[in-house]
Amino acid sequence: MADVASTVRSAGEAAAADARDVLAFARERFALPDGVVYLDGNSLGAMPVSVPAAVAHAVTQQWGQGLISSWNGAGWWELPGRLGDRLGALVGAAPGQVMCGDSTTVQLFQAVSAFARLTPGRTTIVTDGANFPTDQYVAESVARLLGMRLVRVSPPDLASVLGDDTAVVSFSAVDYRTGELWDTTAITEAAHAAGARIVWDLCHVAGALPFALDEVGADAAVGCTYKYLNGGPGSPAWIYLPVHVQDDVDLAVTGWNGAADAFELAQHYVPAPGIARARIGTPSILAMAALDAALDVWDGVDLADVRAKSLVLTDLVLDFASARLATHGVEAVTPREHERRGSQVSLRMPRAYEVTRALAARGVVGDFRAPDLLRLGFAPLYLSCTDVWRAMEVLEDVLATRAFDDPAYVRDAAAAVT
Ligand SMILES: *Cc1c(COP(=O)(O)O)cnc(C)c1O
């Protein structure tokens, strides 16, 4: 599958593409239920087979037998920084600039608030009005906390709102609804030209496509690890603070783990040098043990191959949708240009909620985004072209037979939609 241009227009072409797949070896690194085509790895990644034993070891041996000695003996104290470097390598950050811990929401608050209060003359925060809710809520809260103004704009239109008063811009690199990938380099340059700082949320980038964080020149970045990085539900997030900002940022949530000498237990906070200041409180070691094992699936994997395969899979879906699903009122909202696409395809259609449920009942798991999107995520390490071709045929069948009319799939306001 090294030839990115390969198009897949039939089950036979899907099988031929799979026969050339240089990432086929990675599939056995994951446990997935039989008969399921899992197209929701952009929400909760599949479980790597190495995770259960690693978690059992951390519980029974490191905790059960080692007790408190494991903070040193099992490397618990160093784990957040060690994981940070492993995560950094997957997004193009040199070592010593990424710290693992807490949630994306907390790390966003840290990054946005630090830059919001860095330059007192600058009183505006910018975010995307279509940003993931948590990103918007954090921006609102920081604005309220510091008495600042919040402006919402779509990333390509950033220049229209930038000014001398812009303190910080907080954007996501991929629109979580449409799957559109923004030009992070150009947008970062525009923010910097206006003297503003920029924070990138890479939740839908890490593990989905190669990224050159150090080259982009972001002032900070954050991301989760439970989507394309398969760390498990609620696995710890990460923050990137490049070397050139580390000494300037005054992080708002200051915990004892991030203090200069954590074990001196001093009365006043003095930040640790380097990225260690991005530590907060006691890290979630069991979740980190799962993540550490989950990251082994990237051993021997070239992210350029991941990207090439992702584009074959998403092209397949876009081509299938325009050729065979348009008659059912389906319209792709994800851009066709490769450089404007993340690793998902969102299809707008009538009755998208019921269609999503009818698909799940047939073993094709995607998700619904209100009001009318079926969102399909593509994790190239565990999906084949044959899987995705089959999923599209099931979707066509659900639409053609109106299987979504089954009362079992009618929306129940009380049912949780995640
Ligand atoms: C998934 C996601 C989050 C999640 O935030 P949590 O604190 O991990 O729940 C935040 N931002 C974006 C853009 C996301 O896609």
Side-chain angles (χ1 to χ4, degrees), residues 39-46 80 83-84 87 90-91 98-113 125-142 152-155 168-182 184 187 198-209 211 213 216 218 220-240 252-253 278 280-281 283-284 287-288 290-291 294 333-334 341-346 366-370 373 375-379 416-418:
L39 304 179
D40 218 354
N42 54 336
S43 208
L44 176 67
L83 281 171
L87 293 162
L90 291 168
V91 289
V98 176
M99 184 56 65
C100 180
D102 300 277
S103 66
T104 318
T105 305
V106 169
Q107 300 294 12
L108 264 172
F109 180 82
Q110 287 287 66
V112 174
S113 61
I125 299 172
V126 178
T127 192
D128 176 358
N131 214 338
F132 189 80
T134 227
D135 301 61
Q136 299 201 58
Y137 304 162
V138 162
E140 283 178 343
S141 175
V142 172
R152 289 176 163 90
V153 72
S154 183
V168 57
V169 177
S170 171
F171 283 159
S172 296
V174 174
D175 183 306
Y176 78 102
R177 251 198 213 97
T178 65
E180 178 151 13
L181 170 66
W182 306 116
T184 48
I187 294 167
I198 187 159
V199 177
W200 284 106
D201 183 329
L202 301 182
C203 280
H204 288 268
V205 166
L209 50 133
F211 200 77
L213 197 37
V216 165
V222 302
C224 70
T225 61
Y226 50 78
K227 293 173 181 164
Y228 295 97
L229 294 175
N230 316 299
S235 60
W238 54 273
I239 185 170
Y240 160 82
V253 186
I280 304 178
S284 187
M288 288 187 181
L291 175 60
V333 300
T334 305
R341 191 191 310 161
S343 197
Q344 75 177 57
V345 172
S346 296
D367 63 26
F368 165 73
R369 285 294 175 267
L373 294 181
R375 195 180 70 151
L376 306 172
F378 299 89
V417 180
T418 56

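Here the structure is a predicted model, which is why all the values come from computation and not from measurement. Start at 1 and go down the list; that is how both ligands and their atoms are numbered.
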Would you mind checking which non-hydrogen protein atom is closest to atom 3 (C) of ligand 1, with the distance to 0.1 Å? Phe132 CE2, 3.5 Å
Residue part near ligand 1, for Thr105, under 4.0 Å between non-hydrogen atoms: both
Give yes or no for whether the N/O distance cutoff of 3.5 Å, strictly under, is met between Thr104 and ligand 1. yes
Have Thr178 and Thr334 got a donor and an acceptor in their side chains that come within less than 3.5 Å? no
Does Lys227 make a cation-pi contact with Phe378, if we ask for NZ or CZ under 6.0 Å from the ring centre and within 45° of the axis? no
How many angstroms lie between CZ in Phe171 and CH2 in Trp182, if you round to the nearest 0.5 Å? 9.0 Å
Can you check whether Trp200's main-chain N or O pairs, donor with acceptor, with Tyr240's side chain at less than 3.5 Å? no
Looking at Leu373, is its backbone amide N or carbonyl O close enough to the side chain of Ser346 to form a donor-acceptor pair, meaning the two atoms are under 3.5 Å apart? no
I need the atoms of ligand 1 closer than 4.0 Å to a non-hydrogen atom of Ser103, numbered in the order shown. 7 (O)
Quick check for you: to the nearest 0.5 Å, what is the distance between Leu83 atom CG and Met99 atom CE? 10.0 Å
Which of the numbered atoms in ligand 1 are below 4.0 angstrom from a heavy atom of His204? 15 (O)
What part of Asp135, side chain from CB on, backbone N/CA/C/O, both or neither, has a heavy atom under 4.0 Å from ligand 1? side chain
Ligand 1 atoms in contact with Tyr226 (distance to a heavy atom under 4.0 Å): 1 (C), 4 (C), 5 (O), 6 (P), 8 (O), 9 (O)
Is the closest heavy-atom distance from Lys227 to ligand 1 below 4.0 Å? yes
Protein heavy-atom partner closest to atom 12 (C) of ligand 1 - residue, atom, separation in Å: Asp201 OD2, 3.3 Å
Should Ser172 be counted as touching ligand 1, given the test is an N or O pair under 3.5 Å? no
Regarding Thr134 and Thr105, do their side chains bring together a donor and an acceptor under 3.5 Å, going by distance alone? yes
